[in-house]
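Remember, it's a predicted structure, so these values are computed and weren't measured experimentally. No hydrogens, no waters, no symmetry mates; every other heavy atom, side chains included, goes into these values.
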Amino acid sequence: NIMKTKIINSKNLFIILVLSCFINVCTAQTVPSSLVTGVFKQVKSSLYVIKINNSPNLITRDLIIDPKLIENITMPSNEEFKKTYGDIKADVKMVVTPKQGVKLINLNQIFDKFKIEKEYRNYPIIVDRVETIDSKTLISEERSITNVIVNKAKKYVEIITIFYKSSMDSRKKAINQ
């Protein structure tokens, strides 16, 4: 009995994966956030298992990575995913293998890199104007983040990525449809 796994080619990869946030934006699966005006909130959850050679798998709901840096991405069936990784609830489940040499960092490493003070590290996280579902597990390719801004008045942290302009264009298209 062979399990069926969808393999996504690199042409379609950009359409469905820039960030977990934008899978939902491009398919109109976001709603306005109650946190900040002009910010969206995900209503469907994505889950990524990141496979790295000779390292334990990383699991995240928020992945920031340039699609050009991905070696392989698959969408296992729910049965196959459950058998391999356990029963984790998510609307979209993907297994991502970055190209060799890609450096991934977690949220605390992002905060350290951009010198975010500890007192602000528990604020909600927004990535390119989309509120994250589970920011504590956020994983990013090291060079994908251009800035991190603390909004002390509204009490949130915004992460700006290299994808910001294209994500805004996608969001406008989704809204206008």
For this session: Count the heavy atoms of every other residue, nucleotide or ligand shown that sit under 6.0 Å from CD of Q100, and state whether that count exceeds 12.
Result: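 It does not: Q100 CD has 12 such atoms or fewer within range.
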For this session: Taking atom NZ of K82 as the centre, report whether more than 12 heavy atoms of other residues, nucleotides or ligands fall under 6.0 Å from it.
Result: no
Exercise. Do D66 and S144 have side-chain N/O donor and acceptor atoms under 3.5 Å apart?
Worked result: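 Absent: no donor and acceptor within the cut-off.
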Can you find a pair of side-chain heavy atoms, one from [X] and one from [Y], that are under 4.5 Å apart?
{"X": "I159", "Y": "I125", "value": "yes"}
{"X": "I64", "Y": "I139", "value": "no"}
{"X": "L104", "Y": "I52", "value": "yes"}
{"X": "N151", "Y": "I126", "value": "no"}
{"X": "V157", "Y": "P124", "value": "no"}
{"X": "N72", "Y": "T74", "value": "yes"}

Using a 3.5 Å distance criterion without hydrogens, assess whether the side chain of [X] forms a donor-acceptor pair with backbone atoms of [Y].
{"X": "T146", "Y": "I160", "result": "yes"}
{"X": "K93", "Y": "I88", "result": "yes"}
{"X": "K136", "Y": "N122", "result": "no"}
{"X": "D128", "Y": "T161", "result": "yes"}

Looking only at heavy atoms, what is the nearest atom pair of [X] and [Y], with distance?
{"X": "L138", "Y": "T132", "answer": "CD1-CG2, 4.3 Å"}
{"X": "A90", "Y": "S46", "answer": "CB-C, 4.3 Å"}
{"X": "K152", "Y": "Y123", "answer": "O-OH, 4.1 Å"}

Problem set entry | Set of residues satisfying side-chain hydrogen bond (donor to acceptor under 3.5 Å, both in side chains) with respect to S135, sequence neighbours excluded |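 side-chain hydrogen bond (donor to acceptor under 3.5 Å, both in side chains) check on S135 returns nothing, list empty.
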Problem set entry | Set of residues satisfying side-chain hydrogen bond (donor to acceptor under 3.5 Å, both in side chains) with respect to D112, sequence neighbours excluded | R121
For this session: Answer yes when D91 and K89 have at least one side-chain N-carboxylate O distance shorter than 4.0 Å, and no when they do not.
Result: no
For this session: Go through the steps for K99 and I70 under the test side chain to side chain contact (heavy atoms under 4.5 Å, CB included), then give the verdict.
Result: CA-CA 5 Å; K99 290 183 177 176; I70 295 175; 6.0 Å; no
How far does [atom1] of [X] sit from [atom2] of [Y], to the nearest 0.5 angstrom?
{"X": "S140", "Y": "L107", "atom1": "OG", "atom2": "CG", "answer": "10.0 Å"}
{"X": "R61", "Y": "Y48", "atom1": "CZ", "atom2": "OH", "answer": "11.0 Å"}
{"X": "E158", "Y": "R129", "atom1": "CD", "atom2": "CZ", "answer": "4.5 Å"}
{"X": "I145", "Y": "F163", "atom1": "CD1", "atom2": "CZ", "answer": "10.0 Å"}
{"X": "I73", "Y": "M94", "atom1": "CD1", "atom2": "CE", "answer": "5.0 Å"}
{"X": "F81", "Y": "L47", "atom1": "CZ", "atom2": "CG", "answer": "4.5 Å"}

Problem set entry | salt bridge (Lys or Arg N to Asp or Glu O under 4.0 Å) between R143 and E141, worked out | CA-CA 6 Å; R143 295 172 296 172; E141 187 275 322; 3.2 Å; yes
Seminar exercise, completed: Given the options I50, V96, N106, T137, L58 meets side chain to side chain contact (heavy atoms under 4.5 Å, CB included) only with I50
Problem set entry | Hydrophobic cluster identity match, I110 and I59, side-chain contacts under 4.5 Å | no
Problem set entry | Residues that K103 engages under salt bridge (Lys or Arg N to Asp or Glu O under 4.0 Å), provided they are two or more places apart |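 If we apply the salt bridge (Lys or Arg N to Asp or Glu O under 4.0 Å) test to K103, skipping adjacent residues, the hits are E142.
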